[in-house]
Protein chains: 2
Amino acid sequence: MKLLLIEDDAILADGLMHTLRNSGYKMTCAGSGKAVEQLLLAQDFDLILLDLGLPDMDGLTLLRSIRRRKLPIPILILTARDGINDRIEGIEQGADDYLSKPFELRELEARIQGLIRRCYGGFASTIALGGLVLDTQQHQVLAEGQILPLSARELGLLEILLLQAGKVVSKDRLAQRLAQDDEALSDNAIEIYVHRLRKRIESCGVSIRTVRGLGYLIEAADAT
Amino acid sequence: MKLLLIEDDAILADGLMHTLRNSGYKMTCAGSGKAVEQLLLAQDFDLILLDLGLPDMDGLTLLRSIRRRKLPIPILILTARDGINDRIEGIEQGADDYLSKPFELRELEARIQGLIRRCYGGFASTIALGGLVLDTQQHQVLAEGQILPLSARELGLLEILLLQAGKVVSKDRLAQRLAQDDEALSDNAIEIYVHRLRKRIESCGVSIRTVRGLGYLIEAADAT
DNA sequence: ATCAACCTTTCAGAAACCTTTCAACAGCTC
DNA sequence: GAGCTGTTGAAAGGTTTCTGAAAGGTTGAT
């Protein structure tokens, strides 16, 4: 799960990065509007944490510009201002949730979890499909109660697909998201992992369908 | 259990370090705000002891700056001031407990224990898993009533794992938390201790599972 | 038929982890 | 101090698992 933190207070940023990383999120931080632009062009994120109360960056403008791109990324606003107006404005501009400073870490994590759930996976902190249950917190997949042994890449792939269950995910996108650092994987590598994953989950009532020319999508297995 | 003592009176600091070390805590001391910053960036602590009554350091500011980073570390305030206002202010700023000087050493230890319990271990002062019982006060582990003979490192490792029973703890984190002073242990060292610990506890209905690429987790042994 | 997209198998190299061995060291006893 | 005992972690080598390139087969569209 890849989060982008937009925060220009280095100290707070540092603490949040540290904590959230410990909770199992892949974290990236941007301290300026330009950095945000670049990162959004170059990478995909699952969620954006945006601090509005920044002295040298207009958060709302940034928010609008993110939304203008029609990126389907949930955005969680952090702000020192707690005026209702700001709140409303933020939400009108496309924020998905709102948290006023000072906030409890625990609450932040809860909101993040909540957003992920709402945007990607129904209402549980797990996403279920067929006989599979992905636990987005523990980063493991259960098949009928048993932990499904998956390698890091396989798990990553399954996570991405499940988060968009029923929707097509392009090969490029997968290659992008699975990469550890910068370089994307080759198309062939994706094919290999799709293949391996199919073998692992074939008995779980879930299947990965190929949509020629577009990508893959995961769905409950048809009684075909 | 790793404590950070923030205290600039060298004599008092020294005495506390000594006493608490004797009680089985790993102690680190910082005498200035800068030192605190650096230590918090570099290491993880389980608890912070912060002396507010410092002549050349504003403790409350420090407290606020620690809390601003949203680090989930319990903080115990020590202070010469006993005004109720200070107390309230301290707690509002994010302290988890409060102790006025002069205090009994015994009381300090009790408070530390209490905080640790509240923050990490539910309500008991022992943590049980399978046939093991960790006594967080006595710093010993019982296996079916018998004291399990463990070296310091082995005990430290087991303690960290048990405090997070069922969750994966990364090797880095273990390396970090086990270190006495500053340098983290090598990965190999962790592997060695996991190995040794496994041998010691294998007959206790508890097992340490390897989660490739992520770390280790301790759990009640499967009836496989 | 032809071509691009996709599937599948194989395999070597890499990475992560396990295990043993051993030297350095600390604490203890006599 | 000398000798003993237990602890610690570096070193080295072994094992397992993961990873993705390569190569060839299959499928579907035109």
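Chain letters run A, B, ... following the sequence lines, proteins first, then strands; residues in each count from 1. Worth knowing before you read on, the calculation uses all heavy atoms, side chains too, and leaves out hydrogens, waters and symmetry mates.
- Candidate nucleotides C/dC18, D/dT19, D/dA10 were compared by shortest atom distance to the side chain of B/I192, and D/dA10 ranks first.
- As a whole-Å value, the separation of A/D172 CG from C/dC6 C1' is 15 Å.
- No hydrogens or angles were tested; on distance alone, nothing pairs the side chain of B/R153 with the base of D/dT7 as donor and acceptor under 3.5 Å.
- No donor-acceptor distance shorter than 3.5 angstrom exists from the side chain of B/R209 to the backbone of B/V168, with no hydrogens or angles considered.
- Close to C/dA5, at under 4.0 Å from its OP1 or OP2, lies no side-chain N or O of A/K171.
- For A/L214, the CG atom counts as densely surrounded, since its 6.0 Å shell holds more than 12 non-hydrogen atoms of other residues, nucleotides or ligands.
- In terms of position on DNA chain C, the residue among A/T210 and B/R212 whose nearest nucleotide sits closer to the 5' end is A/T210.
- Counting to the nearest Å, the C1' atom of C/dT8 and the CG atom of A/D187 are 16 Å from each other.
- For A/S151, whose side chain is taken as the heavy atoms from C-beta onward, the closest listed nucleotide among D/dG28, D/dC18, D/dA21 is D/dC18.
- Between the P atom of C/dT21 and the CD atom of B/E191 lies a distance of 17 Å, rounded to the nearest Å.
- Remark: B/Y216 is not in phosphate contact with C/dA16, judged by side-chain N or O atoms under 4.0 Å from OP1 or OP2.
- Between D/dT8, C/dT19, D/dT17, one nucleotide has an atom nearer to the side chain of B/Y193 than all others, and that is D/dT8.
- Comparing atom distances between the B/N188 side chain and each of D/dG9, C/dT9, D/dA11 picks out D/dA11 as nearest.
- Between the C1' atom of D/dG28 and the CG atom of A/L214 lies a distance of 14 Å, rounded to the nearest Å.
- Distance from the side chain of B/R196 is smallest to D/dT8 among D/dT8, C/dA4, C/dC17.
- Atoms CG (B/L155) and P (D/dG6) sit 18 Å apart, rounded to a whole Å.
- Distances were taken from every side-chain heavy atom of A/H195 (C-beta onward) to each of D/dG9, C/dC7, C/dT9; the shortest belongs to C/dT9.
- Checked against B/L197 for a side-chain contact (heavy atoms from CB on, under 4.5 Å), the options B/V206, B/L157, B/L155 give a single hit: B/L157.
- Shortest non-hydrogen contact noted between A/L148 and A/R200 is CD1-O, 4.3 Å.
- As a whole-Å value, the separation of A/K199 NZ from D/dC18 P is 13 Å.
- Between the A/D46 side chain and the A/K2 main chain, a donor and an acceptor come within less than 3.5 Å of each other.
- If you measure from atom CG of B/L174 to atom C1' of D/dT8, you get 17 Å, rounded to the nearest angstrom.
- At C/dC18, one or more side-chain N or O atoms of B/R198 fall inside 4.0 Å of OP1 or OP2 (strictly under the cut-off).
- The interatomic distance linking A/I190 (CD1) with C/dC7 (P) rounds to 12 Å, in whole Å.
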